[in-house]
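Here's the structure, in structure tokens; my notes come after.
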Amino acid sequence: MTSPSQKPILSLEGIRKSYGQLEVLHGIDFDVHAGEVVALLGENGAGKSTVSGIIAGSIQATTGRMEWLGEPFEPASPRQAIDAGIGLIHQELRLLPHLSIAENVFVGRWPTKNGVVDRAKMVRDAQEQLDRLGLKIPATRLVDGLSTAAQQLIEIAKRLALNARLLILDEPTSALGGAETEKLFEQIKRLKAEGVGIIYISHRLEEIARVSDRIVVLRDGEKVNEFDSGDVPVRAIVESMVGRKLGRMFPQIPEPKDEIVLEVEDLSAPTGAFKDVNFDVRKGEIFGIAGLVGAGRTELVRALVGADPISQGRVRLDGEDITPRKPADAIRRGIVLVPEDRKLQGLVLEHSLTENLGYANKRSISAAGIVSKKRLIEFAQDAIKRFGVKGYWHQNADELSGGNQQKLVIAKWLARGPEIVVLDEPTRGIDVGARSSIYDIIVELAERGVGVIVVSSDLEEVLGVSNRILVMSHGRQTGILERNEASEVSVMELATS
Amino acid sequence: ADEPDKIGLAVANLQANFFNQIKQSVEAYAETKGIEVITVDAKGDSATQVNQVQDLLTQNIDALIYIPAGAAAATVPTRLAHAQGVPVVNVDRNADGEPGDTFIASDSVKSAYNVCKHIFEQAGGEGKMLIVHGQKGTTPEVDRAKGCAEAREEFPGIEVVGEQWSQIWSQDEGFQLTQNMLQAHPDTVIVWGQADALALGAAQAVKVANLPQRIWVAGFDGDTAALEALRDGVFDVTATQQTQYMGRLAVDSAIALVKGEDVPKEQLLEATLTTQDNVGPFIENHP
Amino acid sequence: MVGRSAPRLKALLSLRGATGPLIGLVLLCAFLAVATDSFFTVRNMLNVLDQITVLGIMAVGMTFVILIGGIDLAVGSVLALGMMVMGYLSNYMGVPLPLAIVCALLVAAFTGVVSGVLVTGFGVPAFVATLAMMSMARGVANMITDGQQIVGFPAWFNLMAIIRHGGFLTVTVGVMMVVFLLGWLFLRFTTGGRSLYAIGGNAEVARLAGINVKLATIGVYVVSGLLAGLAGVVLAARLDSVQPSSGFTYELDTIAAVVIGGTSLSGGTGGIAGTVVGVLIIGVLRNGLNLLGVSPFTQQVVIGVVIALAVAAEAFRKK
Amino acid sequence: MVGRSAPRLKALLSLRGATGPLIGLVLLCAFLAVATDSFFTVRNMLNVLDQITVLGIMAVGMTFVILIGGIDLAVGSVLALGMMVMGYLSNYMGVPLPLAIVCALLVAAFTGVVSGVLVTGFGVPAFVATLAMMSMARGVANMITDGQQIVGFPAWFNLMAIIRHGGFLTVTVGVMMVVFLLGWLFLRFTTGGRSLYAIGGNAEVARLAGINVKLATIGVYVVSGLLAGLAGVVLAARLDSVQPSSGFTYELDTIAAVVIGGTSLSGGTGGIAGTVVGVLIIGVLRNGLNLLGVSPFTQQVVIGVVIALAVAAEAFRKK
Ligand SMILES: Nc1ncnc2c1ncn2[C@@H]1O[C@H](COP(=O)(O)OP(=O)(O)OP(=O)(O)O)[C@@H](O)[C@H]1O
Ligand SMILES: Nc1ncnc2c1ncn2[C@@H]1O[C@H](COP(=O)(O)OP(=O)(O)OP(=O)(O)O)[C@@H](O)[C@H]1O
Ligand SMILES: [Mg+2]
Ligand SMILES: [Mg+2]
């Protein structure tokens, strides 16, 4: 592995960053060596993405020094960083929907022959990267319409193709299932062997021990701890992240009532993304939906709330047929969805937190169609506090860290007091502390008699919170497991059948 | 009363050479008289022109020279001026509802009649004819069409086989419309563009079409550049409106009106039939 | 009075995106007040108000359209169509003028239905749908009288644009102010208005939040068409005549006023207060240049420079 | 020849977004071939080619601009400015015509620099920046000769638009075809061209991928200005005269051609092949309606309907 005597390829010294009056990084130092994986950990908003951005040239530090391969380094643009051999996989998906996968992988660095873009080589090389990551989609396909997970894999492929000497992965696995994560780890291992330095950011702490050689922990823009080995007990990491002792991750799951609230009968999609799905959810039940990436879970729950068309089947609420045709139908009945992509489906990023909260809660902020500004702001301040969003009511949503954006979406929907809550990948990009608070919210909902449906690619999470688990594979339901019969093995068996 | 020292000039559209020449003449002539002229250009929009006349009146002009914009003359600018006791000299178009204190224009119907008659005679009194009209429904378009129709009654051998209307009286339109009509009627012998810009475009289309027969092209207005083209044989005949004289007459009329002298209600000028033979002096000195 | 209106004024002024243009407007007025005798007179101010009525009314509808990320190129033609329908019904068909006005507004609103359905139902981009409507409405407006103007309305009609009630307010200016006020109240204080912001910000988020995006989109084009028709009636009153060539290229002026006022063409930000500023900038600029006696061609250059400066100032202020 | 060009033709035709309009174009031609004797003749086809040169050249620049999510409203005015600069230098200043043409192109390109810097450096939205430039360029074009046209160019100049070399190709049409070809090659096969798609798809992604977005944006407006200037020279050759009123409202035609051809106004999708189809639709439509002798007002309605249909067809096909 790494020998300490070796000079680091990258070193940061006293990096500070301010947005106006607000300083978000207060002097960060750490090193990265060749062939080493440094895990960069911290709560939402701790400053991980900001540090990555500074290294990758997309954000400029206010003060501080960086050295890259022994030379002072101050990239003024992403181009400079890329040319220097630094690649960043962004936390947020940033693909060009109207271009092919191959072109997305090579955007800005198209292979050329005689001054002309070499399409054949581009497609070949891109396909190779996709194969490595186990993505069985032709590289000539448009990105438009691909699932979040597939897009995340493409984002990863994009940077693997860089042949960089330092790779920053900002939450690469947040939308991935177990199998895809394995493929990624294989690639990380390969890169390490090739001497590439890697900064790895994730909120899935169980991954950290497996990939990292060193751990740097940030809290509120400061480095609070550094572990010289990746093999640190999760509890120790968490405690230094949040700066206090933490209880159990998963709370006690309450027993649901007998009364059935939601029945789904023979539900099918016109696209064939799911077919003949049957299940019911009881009052106060937490109903998990598991499956591999592309199993059709997202399509199913979107159809359930009227966001996508239904070709056949029925949805009943309290015995009444309410099969929704449009989102408003479901919302009116108290069925709400926290969608999987907060940027594209969850928030209007350029609008304030208050506005965003208001869009889904007309009733609470208006009378006879007239909005009361005062009520709107009070409502927003209350929701922000209640759901622990780190941000101010007047801030724009795009100024929040990724995790806090996710909390904002949850807050927006739960503030309505719904009867059925559907959460698609609810903890994607959420830190441990916040994650357990989201689990607390889920349990609290169940205790109040709300039916909660949780879709997740994180097996531990589905197993941890669900009363029952529906498993899907290739658009079909392959089984429903009771809490006591569900385990990683039994779920995976059904998911791959 | 006194001599005026400030005159407002509301022009319909300075992009049209005809109006631009009047404007230049008014400005130049007024300067020799020591009168300030404030010029505004409505760019062809009558609503804009109402606004501009309001602004002119705000500046306490002593008289208004009004060249109406839009399809037909609007009454409101004249009404506004009269409400403030400012005399109005209408040029080129007049509104029935609220006529100017005097009206200066070419006799379009008569002049169009002359142009058409001349070209019919040149063409030997028979053959197929194309007409590129101006903007449909506007006063000059209607009057000029009327004059030519009168001439056609005297020449039964002339057959109008194609008629198209331009939107903005531009050369480009004249070209395109004529080209397409020639395509449909390649045995045409006469093309008349209701303005020189249209005629120049038409002449260009005739040139491009490269047809065996002699095609006669007529215009209207006597634009400065068109007269040069006429001299060079690009097209055959036009009616030269006395723009310079109109400008001077407008200023003189304005002065007279301010002084309270009598000015005739209508001052109609003849547009001179212009061909290669008599164009020379007009190029030197536009009438 | 002053005390009570202060917070509202502040709310108006603080509207995002319009501060730069507002400063520009104030500077422009200050300059003109010094440079000319006649600009800063009650009479000229009233003239300016008169002169912006048509633009102002259309700009409100355009603000809605642009807020949801659309665009309406048809307004100039729909204005002409509206006025021709009114003129034809009243002077050729003998329909009483008030009724003819109502019919004109209905026809104008109907053009909005067509544009809206093209956009939502057929997936035609707003630019193309309204460009097509622009051509169609102009053609129909022309066909009604074969391109001729119509004159000879009852005397009261023209007087609506001339008599200044209470010494200052013509009916037409009053109509514009009511439209401004209603538009402002709607956007700021109703859930319908907030929905437009949501749609413009992210149509998918809005849809998932239960907003009927298609219906709202059609509604917005209907309102834009309706207001263009109303602007046509107002213009007819001002000109005391109607002609099918009216309103040519007004769509650009209208869009410019809205965008100068800080409403973003990508949708989701802006508002009526900004639009009023934008309309005033265009109105004052034209008026002022005439008062200064700037020659017409130079005016074009100056207008271009001022528009660029006003918007660049706002962009700079933000940084 | 046919055999070799087939795959390229296929690549052209398969271009996303243009299939619907292409079908529309074919139907239109088929209809006109049946309805008129003269449409489907070699000579008329050549006329159509002549008639679309100006629009075609400007549409290529506009395609680039729209691809990156911008818009250029100044093209019509820049066309006029370019031709006036050329005419003034050659006929008033005695500069040899070829040199005058080069100067005209430089001036036209320079307007693009101004627009581009306003957009990238001052954060002025493209719509406003180019609207301002539209007004400024028109004003300057007018000021050059105080609104007068200029005539009297050397004979060879006009002949470039008249003599059909090899029986079919005028120099001006040749210039348009070269512009089409270069534009197409650039967009499809060069990294520069691909960058435009990336910028239009998401400017931030493009920036993070190391593309110099600002420079590319300025470059695109420069090319659009330059091509508008070139279109001006071509128009001057066709008309054998120059006038400052030329190109009025051409920007709308140009944008329409590009959008009908399937390039999305939100940027990121489209291309030259589609634009050629869009230009041809507009050209054939105008030519055909004239051949049919349709009255001008009915033409407006028909043009609107056809534009809406062509684009709606594409949207439907996609579903
Ligand atoms: N443009 C901005 N303006 C103001 N504050 C900002 C801006 N961008 C980020 N911040 C703030 O900087 C802090 C650090 O954000 P950063 O995105 O680096 O967090 P993070 O550690 O990556 O969090 P997460 O785990 O949620 O992704 C946050 O408090 C965030 O609100
Ligand atoms: N890795 C992949 N390989 C092939 N197709 C995929 C992949 N990922 C997504 N898809 C496509 O997406 C469709 C279903 O995606 P959907 O988002 O509904 O799945 P999901 O079960 O919610 O998984 P996730 O949300 O984790 O992506 C699949 O039918 C497939 O066409
Ligand atoms: Mg982050
Ligand atoms: Mg999913």
Side-chain angles (χ1 to χ4, degrees), chain C residues 69 71 73-74 77 114-115 118 121-129 131-144 146-147 244 248-249 251-253 255-256 259-260 264-266 295-316 318-319, chain D residues 69 71 73-74 77 114-115 118 121-129 131-144 146-147 244 248-249 251-253 255-256 259-260 264-266 295-316 318-319:
Chain C
I71 197 154
L73 298 177
S77 299
V114 176
S115 301
L118 277 173
F122 293 80
V124 180
F127 192 95
V128 181
L131 185 76
M133 178 48 73
M134 164 177 161
S135 193
M136 290 188 275
R138 180 71 67 193
V140 174
N142 271 315
M143 281 155 83
I144 290 175
D146 206 18
F248 188 57
T249 72
E251 58 282 352
L252 280 185
D253 278 356
I255 297 169
V259 177
I260 290 170
S264 153
L265 275 170
S266 48
S295 87
F297 298 147
T298 318
Q299 285 202 13
Q300 296 180 316
V301 177
V302 175
I303 287 177
V305 172
V306 172
I307 288 179
L309 282 185
V311 179
E314 168 64 14
F316 245 66
K318 269 196 200 141
K319 281 191 192 165
Chain D
I71 196 151
L73 297 178
S77 299
V114 176
S115 300
L118 277 174
F122 293 80
V124 181
F127 191 95
V128 180
L131 186 75
M133 179 47 73
M134 165 176 158
S135 193
M136 291 188 272
R138 180 71 67 191
V140 174
N142 271 315
M143 282 156 81
I144 290 174
D146 200 18
F248 186 58
T249 72
E251 58 282 353
L252 278 185
D253 277 358
I255 297 169
V259 177
I260 290 170
S264 154
L265 275 169
S266 48
S295 94
F297 302 149
T298 318
Q299 285 200 16
Q300 294 177 318
V301 177
V302 174
I303 288 177
V305 172
V306 172
I307 288 179
L309 281 185
V311 178
E314 169 65 14
F316 244 67
K318 269 195 200 142
K319 282 194 190 161

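Computed from heavy atoms alone, side chains included, the values below leave out hydrogens, waters and symmetry copies. Chain letters run A, B, ... following the sequence lines, proteins first, then strands; residues in each count from 1.
- For C/M133, no part lies under 4.5 angstrom from a heavy atom of chain D.
- The shortest side-chain heavy-atom distance between D/L252 and C/F127 falls under the 4.5 Å cut-off.
- With rounding to the nearest 0.5 Å, the separation of CD1 in C/I260 from CG in D/L131 is 7.0 Å.
- Residue C/L309: no heavy atom, backbone or side chain, is found under 4.5 Å from chain D.
- Contacts with chain C were tallied for D/V306, D/V302, D/I255; D/I255 has the most, counting heavy-atom pairs under 4.5 Å.
- Of the two parts of C/T298, the backbone and the side chain both hold a non-hydrogen atom closer than 4.5 Å to a non-hydrogen atom of chain D.
- With chain D as partner, the option from C/V128, C/V259, C/I71, C/L73 having the largest number of non-hydrogen pairs under 4.5 angstrom is C/V128.
- By number of non-hydrogen pairs under 4.5 angstrom with chain C, the leading residue of D/I303, D/V140, D/D146 is D/D146.
- Atom CD1 of D/I307 and atom CE of C/M134 lie 9.5 Å apart (nearest 0.5 Å).
- Heavy-atom pairs under 4.5 Å with chain D peak, among C/A312, C/S295, C/G69, at C/A312.
- Counting all heavy atoms, side chain and backbone alike, C/Q300 lies closest to D/G139 at OE1-CA, 3.1 Å.
- Of the residues considered (C/A141, C/A310, C/G304, C/A129), C/G304 shows the highest number of contacts with chain D, using heavy-atom pairs under 4.5 Å.
- Shown here for C/A132 and D/A308, the closest heavy-atom pair between the two residues is CB-CB, 3.8 Å.
- Nearest heavy-atom pair across D/V301 and C/M143 is CG2-SD, 4.0 Å.
- Smallest separation of non-hydrogen atoms from C/G147 and D/F297: N-CE1, 3.5 Å.
- When D/N142, D/V124, D/L265, D/T249 are compared by the number of non-hydrogen pairs under 4.5 Å with chain C, D/N142 comes out ahead.
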